[in-house]
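Here the structure is a predicted model, which is why all the values come from computation and not from measurement.
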Amino acid sequence: MDDQPRLMHSSHGVGMAGHPGLAQHMQDGTGGADGEGRKQDIGDILQQIMTITDQSLDEAQARKHALNCHRMKPALFNVLCEIKEKTVLSIRGAQEEEPPDAQLMRLDNMLLAEGVSGPEKGGGSAAAAAAAAAAGGGGSDNSVEHSDYRAKLSQIRQIYHTELEKYEQACNEFTTHVMNLLREQSRTRPISPKEIERMVGIIHRKFSSIQMQLKQSTCEAVMILRSRFLDARRKRRNFNKQATEILNEYFYSHLSNPYPSEEAKEELGKKCSITVSQVSNWFGNKRIRYKKNIGKFQEEANMYAAKTAATATNVSTHGSQANSPSTPNSAGGYSSPCYQSDRRIQ
DNA sequence: AGCAATGATTGGAG
DNA sequence: CTCCAATCATTGCT
């Protein structure tokens, strides 16, 4: 691709300025009988093309100047432009429009969502928000994990941006280079602005395909990072004893309806330093596991029932008996906890 | 290593 | 959306 402009440059210099014979041929168009003479002419032209690289820069410049000043130049140039316009238009046109690349859009969206391509990691990115939410629980383990994740993510981000910048710069440089060349040549060779535009389009497409690869590999890197760090199943931490205690207390004291409301979940989450969805997960797991094997949990149930009973009596002896969980079945009914899955209240 | 416990995810139902 | 049920993946004990 690099030497294409140079080739174009050399060929026209010969054809027009260096060889009057060509103009002659163009005039008597049909060419006709003297095949011999024509062959000779073409041979000359080829010869000149072959030797063009031997010419000095000054010489080439002089030829160019001579061409530009030739009295027939404007007329010839117009003819060439016209012919070219026609052929170019007939060749092109059909394949002009390209559909907005769905794949590229997907990649862009993902990079944006992951906070790689978006604005600096303020509050905007989903990943940052999720990380903040998860770390907001307060577990120092968690925040360490997430800061590690964020560090890696910003590393990816940085690489992505520097690479992108590099590509963009290279693209721009190359584009302006080609444009300059074409503009320069357009003085001696029929090059329409449209053609330049198209050439720029081609260059941009080439570079954007490189960019696409960059985006793809960045996406892959982010996905791997995510699965490493954010897939909680991989880095699961058991809740601490106190949290489990609090959750179990609530569960067994609401055994007839172990479905904490949104507020209750928030409260529990706060108490246990976990998120609301973690509370939901815990209750979901607990319900199903309790139901599956009530016998196994009997002891635990008794223990917590006794515990809540103790605190209840404690509170009632201390102050007013305001402690009445919405479903006070726990006090004595622990021996036969009536778990009914379809008695839930939304 | 093998195992149970456990937190999280997934897919389907309502 | 929530919940259930099954399942995954890790933890922590033996």
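- Among residues two or more places apart in sequence or in another chain, the side-chain hydrogen bond (donor to acceptor under 3.5 Å, both in side chains) test is passed with Lys166(A) by Glu163(A).
- With sequence neighbours excluded, no residue forms a ring pair (Phe, Tyr, Trp, His ring centres under 6.0 Å) with Tyr160(A).
- Contact annotation: side chain of Arg287(A) to base of dT2(C), donor-acceptor pair absent below 3.5 Å.
- Mapping Lys292(A) and Asn238(A) onto DNA chain C by nearest heavy atom places Lys292(A) closer to the 5' end of the strand.
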Could you run down the sub-3.5 Å N/O contacts of the protein with nucleotides 11-14 of chain B?
none

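- Phosphate proximity of dA8(B) to Gln278(A): present, with a side-chain N or O under 4.0 Å from OP1 or OP2.
- Taking 4.0 angstrom as the limit, Lys296(A) places a side-chain polar atom (N or O) nearer than this to OP1 or OP2 of dA5(B).
- At a cut-off of 3.5 angstrom, the base of dA8(B) holds at least one donor-acceptor pair with the side chain of Asn285(A).
- Nucleotide dA5(C) holds its P atom 17 Å from the CZ atom of Phe283(A), rounded to whole Å.
- For Tyr290(A), no side-chain nitrogen or oxygen approaches OP1 or OP2 of dC4(C) to under 4.0 Å.
- The side chain of Asn281(A) contributes an N or O atom lying less than 4.0 Å from OP1 or OP2 of dA8(B).
- Among the nucleotides dC3(C), dA5(C), dC8(C), the one closest to the side chain of Arg289(A) is dC8(C).
- Nucleotide dT11(C) holds its P atom 20 Å from the NZ atom of Lys241(A), rounded to whole Å.
- Following rounding to the nearest Å, Ile288(A) (CD1) and dA5(B) (P) show an atom-to-atom distance of 16 Å.
- One atom, CD of Glu263(A), and another, C1' of dT2(C), lie 15 Å apart when rounded to the nearest Å.
- Rounded to an integer number of Å, the gap from Asn248(A) CG to dG7(B) C1' is 14 Å.
- Looking only at atom types and distance, the side chain of Lys307(A) has no donor-acceptor partner in the side chain of Asn248(A) under 3.5 Å away.
- Checking the phosphate oxygens (OP1, OP2) of dC3(C), a side-chain nitrogen or oxygen of Lys265(A) falls inside 4.0 Å.
- Rounded to whole Å, atom P of dA4(B) lies 14 Å from atom CZ of Phe297(A).
- Glu249(A) has no carboxylate O lying under 4.0 Å from a charged side-chain N of Lys271(A), or vice versa, which leaves the two without a salt bridge.
- With sequence neighbours excluded, the residues forming a ring pair (Phe, Tyr, Trp, His ring centres under 6.0 Å) with Phe297(A) are Tyr290(A), listed by chain and number.
- Remark: Tyr304(A) pairs with Tyr252(A) by the ring pair (Phe, Tyr, Trp, His ring centres under 6.0 Å) rule, at least two apart or across chains.
- A straight line from CH2 of Trp282(A) to C1' of dT9(B) spans 19 Å, rounded to a whole angstrom.
- Not a single donor-acceptor contact under 3.5 angstrom links the side-chain atoms of Arg237(A) to the base of dG12(C).
- A search for side-chain hydrogen bond (donor to acceptor under 3.5 Å, both in side chains) contacts involving Asn238(A) returns Arg236(A), not counting sequence neighbours.
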